Amino acid sequence: MEILRLQVRDLAVVENAEVRFKFGLNVVTGETGAGKSVLIGALALLTGARADHGVIRHGAAQASVTAEIVLSGEAADSISAILEDAGIDPCENGVLILRRTVSASGGGRCTVNNCPATVGLLAKIGTHLVDMHGPHDNQSLLDRGFQLSAVDAYGHCHAEREKFRSLWKRREALISELKRLSGNTENVEQRIDILKYRIDEIESLSLSEEADGYTLVEEYAAASNSARLIELGSAVVQALSEGENSAIDTMACTARMISEMRSLSAPDAAEWEKEAHSISVQISELSRAVSDCASGFEVSQERMQWLEKRMADVEHIKSKYGKTVGDVLKTLQAAKDELEDLGKIGERAAEARENIARTESEMAEAGALLTAARKKAAQSLSAAVEEQLAELGLPRAAFSVAFSKGCNENGLDEIEFMFGPNPGDPPSPLRTIASSGEISRVMLAIKTVLSGHDRIPILVFDEIDANVGGEIALSVGRKLRRTGLTHTVICITHLPQVAACGSYHFSVIKKENNGRVSTEINEILGHERENEIARMLGGANLTSVAMEHARELISAGSAQ
């Protein structure tokens, strides 16, 4: 994994700089105040660090940092999963693009693969991407969580740890469920009473979506109009056949007159006589049909009263439980389901208790396996760290890992790194006795040991070589170079011995132009690199002795 491009604009003293950090040890050197640590600040911003608007270059509207990083290995899988969960576009050709701007007027903007993102997402990605160690970051070594993670990384305990964590989460969920089930029983009883009343109220009507829907409405409408329908039917019958001057009487008279016309030999009279007879027949049939229909409109008083009550009951129940009879029936079924569910609370609570007990038993077993794996790893880690400390000028230092009982999602262990810098002194917690120089060397020793096990691909060291020099400084540089065999390592250093071990060397130069100070960052090779190492050895006076010494250091640093 490598950083194809890190571009910094208007951040602190850097107006515009672009650098490419490659796989291996990248050393960054320059005079004090030149702006070397701005690169660390830029990476920190891209991995979710708090933005301080004071770092914006004077006179600029905003500062921006952009990185294009080639992903590979476990980090690529982890970050791809994070992007998918966040709805961010996947990395094109395996290149992750991070960008962050900080505005002088307040606020800022983050993007991942050119999609809007949050600082929290940058931080989440950063935990899988970059591990930073500066003059104050070494304090992370004193954090017991970091120490536990270091042991787990060295012992490849991730599978055992994840198994325990999944059991822990399952138990937490079961405990929450049991608390919910065992909550306010009074409220549960009230809810049961409400549901029973609702069920009884709806079931008492014996509703049918078909009978109490359109059919009931149509019958009620017909029954409500029955009196008027009977009245109209009777009037129609009277007009057709039963009343004075009815249509049937009129047609009879008409037929007689046409018959007389036929006897007097009127043209077409015979045909008219047939038509008059046909009309009379139709009037008689129509009269009988209307009479029969009207008789069917009669509704008993009892039936009418029942229809009125049924309609009122149905409308009342609909006003409470649904717009239609179908909705009311759905409410009924939902109430029955909920009542059945509440009736099983006792069963479910007992089941939850059984599951908690079973899960805790599995946790104890998984925790014991995790503890055994950690203790085995801790013993081997301690020996390996002591070996590295000897090469870093602490030949008789003692390092060990103390275990105590605990219980959290990471297992059943609490651990403490123990350190004894002098022979004969019993090891004590590292956080209580180590000096800053010792902490730096212990951190480097652990990172060297973990270099083949650490899953975070980019390691950043800002003056981790503080308080060391001479042969020890060269040993520090060689260990950083060795770590670069498995990581992209970025190291800011003031020590020529460390700088000489770099696989790639970047020089930071502060320049003044028209009264403004700016910083340039360039990769240096060959004679330029020799000159920079010589400067670090003897200042601005590049004597032949300093140049020869620089060449010797570069040769020694690369001889591994």
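Remember, it's a predicted structure, so these values are computed and weren't measured experimentally.
Rounding to the nearest 0.5 Å gives a distance of 9.0 Å between OG of Ser404 and CD1 of Ile415. Once rounded to the nearest 0.5 Å, the distance linking NE2 of His156 with CZ of Arg161 reads 14.5 Å. Once rounded to the nearest 0.5 Å, the distance linking CD1 of Ile458 with CG of Leu43 reads 7.5 Å. Atom CZ of Arg100 and atom OG1 of Thr47 lie 8.5 Å apart (nearest 0.5 Å). Atoms CG and CG, on Leu39 and Asp462 in that order, are 9.5 Å from each other to the nearest 0.5 Å. For the atom pair NE2 of His128 and CG of Leu96, the computed distance is 12.5 Å after rounding to the nearest 0.5 Å.
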Arg348 and Glu177: CA distance, side-chain angles, deciding distance, salt bridge (Lys or Arg N to Asp or Glu O under 4.0 Å) verdict: CA-CA 9 Å; Arg348 291 168 58 195; Glu177 174 70 3; 3.1 Å; yes

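A donor-acceptor contact closer than 3.5 angstrom is absent between the side chains of Gln147 and Asp143.
Take Thr101 and apply the side chain to side chain contact (heavy atoms under 4.5 Å, CB included) test, not counting sequence neighbours, and it matches Gln62, Ser64, Arg99, Arg109. For Thr250, the side chain to side chain contact (heavy atoms under 4.5 Å, CB included) test picks out Thr254, with sequence neighbours left out. Looking at residues two or more places apart in sequence or on another chain, you find a ring pair (Phe, Tyr, Trp, His ring centres under 6.0 Å) between Phe21 and Phe506.
Of all the heavy atoms in Leu195 and Leu339, the pair that sits closest is CD1-N, 3.8 Å. The heavy-atom pair separating Ile56 from Val102 by the smallest distance is CD1-O, 3.3 Å.
For the pair Phe403 and Glu414, the minimum side-chain heavy-atom distance is 4.5 Å or more. In this structure the side chain of Leu98 reaches within 4.5 angstrom of the side chain of Leu122, judged on heavy atoms.
No more than 12 heavy atoms of other residues, nucleotides or ligands lie within 6.0 Å of CD in Gln379, so this atom counts as exposed by the packing criterion.
Between Lys196 and Asp200 there is no salt bridge, since no side-chain N of the basic residue sits under 4.0 Å from a carboxylate O of the acidic one.
In this structure, Ser204 contributes its side chain and Glu201 its backbone to a donor-acceptor pair below 3.5 Å.
Note that Arg171 lies in the cation-pi zone of Trp168, set by a 6.0 Å cut-off to the ring centre and a 45° limit from the axis.
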